Amino acid sequence: PREVVPIDQYAFYSRWYYLVLRELACIIPWDGDYGVLAKKIDPPIKKSEAQEGIKFLLQKGFLDIDKDGKYFQTKRAITSGSEVSSMGIRSFNETMTRRGADAINKYPPTIRDVRTMVVGISAETYTLIKEEIREFIDRVAKLVDNDTRSDMVYNIGVQFFPLTNTKGGESGVEDQE
């Protein structure tokens with residue numbers, strides 16, 4: 001099961017690479033060399049950012065170290081919850097959405113997957129699609145929880161938003177005449 005990150009720990013989302021470090025520190029050999037972590041992240045971060053990030057993750061309880069000095073996640077699958085309004089999480093989502101757009105040209109289709117649908121739907125279908133998205137994310141979380149041989153870090157982002165004024169509503173954007 002996914003554990004919701006408590007509101008008082010939303011600083012976790014303040015730097016996009018904190019989430020990457022949480023995964024990466026547990027799957028590659030880096031022997032305390034923060035430069036190894038920093039260079040492995042794409043785009044690379046500074047060695048000092050990797051060190052500060054690992055310190056944060058240990059202090060906040062997102063990571064721990066076993067008796068052999070190996071890093072591990074204290075909770076395998078975590079989430080911010082659905083539809084949170086925290087500015088930090090909104091900023092994180094915006095950053096990852098931009099990174100996803102950049103990935104279209106940066107990486108070949110053999111190592112990424114980008115799909116899009118533009119659809120006309122009713123309010124009832126909207127509700128059904130939202131539920132399908134939630135169930136999909138739950139299924140992915142279970143796959144990740146059961147994966148004992150992680151050796152890569154990926155982002156999965158799902159976007160579902162209106163492209164027209166909602167029924168009976170205004171877009172909030174004035175005409176540019």
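These numbers come from a predicted model, not from an experiment.
The hydrophobic cluster containing Ile129 also contains Val158, counting ILVMFWY residues as joined when their side-chain heavy atoms lie under 4.5 angstrom apart, directly or transitively. Hydrophobic clustering of Ile, Leu, Val, Met, Phe, Trp and Tyr side chains at less than 4.5 Å, counting indirect connections, unites Tyr126 with Phe136. Under the 4.5 Å side-chain heavy-atom criterion for grouping Ile, Leu, Val, Met, Phe, Trp and Tyr, Tyr107 is not connected to Tyr17 through any hydrophobic cluster.
Distance OH/Tyr34 to NZ/Lys39: 15.5 Å, rounded to 0.5 Å. Atom CH2 of Trp16 is separated from atom CG of Leu21 by 8.5 Å, given to the nearest 0.5 angstrom. The CE atom of Met117 lies 10.0 Å from the CZ atom of Phe160; values are rounded to the nearest 0.5 Å. Rounding to the nearest 0.5 angstrom, the gap separating the NZ atom in Lys47 from the CG atom in Leu37 is 10.5 Å. Rounded to the nearest 0.5 Å, atoms OG1 (Thr125) and CD (Glu132) are 11.0 Å apart. In this structure, Arg15 CZ and Glu49 CD are separated by 8.0 Å, a value rounded to the nearest 0.5 Å.
Of the possible donor and acceptor atoms, none in the side chain of Arg22 sits under 3.5 Å from a partner among the backbone N and O of Gln73. One N or O on the side chain of Thr127 and one on the backbone of Ala123 form a donor-acceptor pair closer than 3.5 Å. Using a distance-only test at 3.5 Å, with no hydrogens or angles considered, no donor-acceptor pair links the side chain of Asp147 to the main chain of Leu143. Side-chain N or O atoms of Tyr154 include one that pairs as donor or acceptor with a backbone N or O of Ile111 at under 3.5 Å. In this structure a side-chain-to-backbone donor-acceptor pair under 3.5 Å is present from Asp33 to Gly35. Remark: side-chain polar atoms of Asp68 are not paired, donor with acceptor, to backbone N or O of Lys70 under 3.5 angstrom.
For the side-chain contact (heavy atoms from CB on, under 4.5 Å) with Phe62, the lone residue among Ile54, Leu19, Leu57 that qualifies is Leu57.
A salt bridge links Arg134 to Asp138: at least one charged side-chain nitrogen sits closer than 4.0 Å to a carboxylate oxygen. Here Arg115 pairs with Asp113 in a salt bridge; the nearest charged N to carboxylate O distance falls below 4.0 Å.
When all heavy atoms of Ile27 and Met152 are compared, the closest pair comes out as CD1-N, 3.5 Å. Residues Phe56 and Ala11 come closest through the heavy atom pair CZ-C, 3.8 Å. Nearest heavy-atom pair, Arg99 versus Pro43, reported as atom, atom and distance to 0.1 Å: NH2-CD, 3.1 Å.
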Leu24 vs Trp30, test: side chain to side chain contact (heavy atoms under 4.5 Å, CB included). Steps then yes/no. CA-CA 9 Å; Leu24 190 60; Trp30 59 283; over 6 Å; no
For a side chain to side chain contact (heavy atoms under 4.5 Å, CB included) check, start with the C-alpha distance between Phe12 and Phe92, then their side-chain angles and the critical distance, and finish with the verdict. CA-CA 10 Å; Phe12 176 57; Phe92 173 78; over 6 Å; no
Does the pair Leu63 and Phe72 meet the rule for a side chain to side chain contact (heavy atoms under 4.5 Å, CB included), with working shown? CA-CA 6 Å; Leu63 289 178; Phe72 67 94; over 6 Å; no
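Within the 4.5 Å cutoff, side-chain heavy atoms of Val5 are placed close to those of Tyr13.
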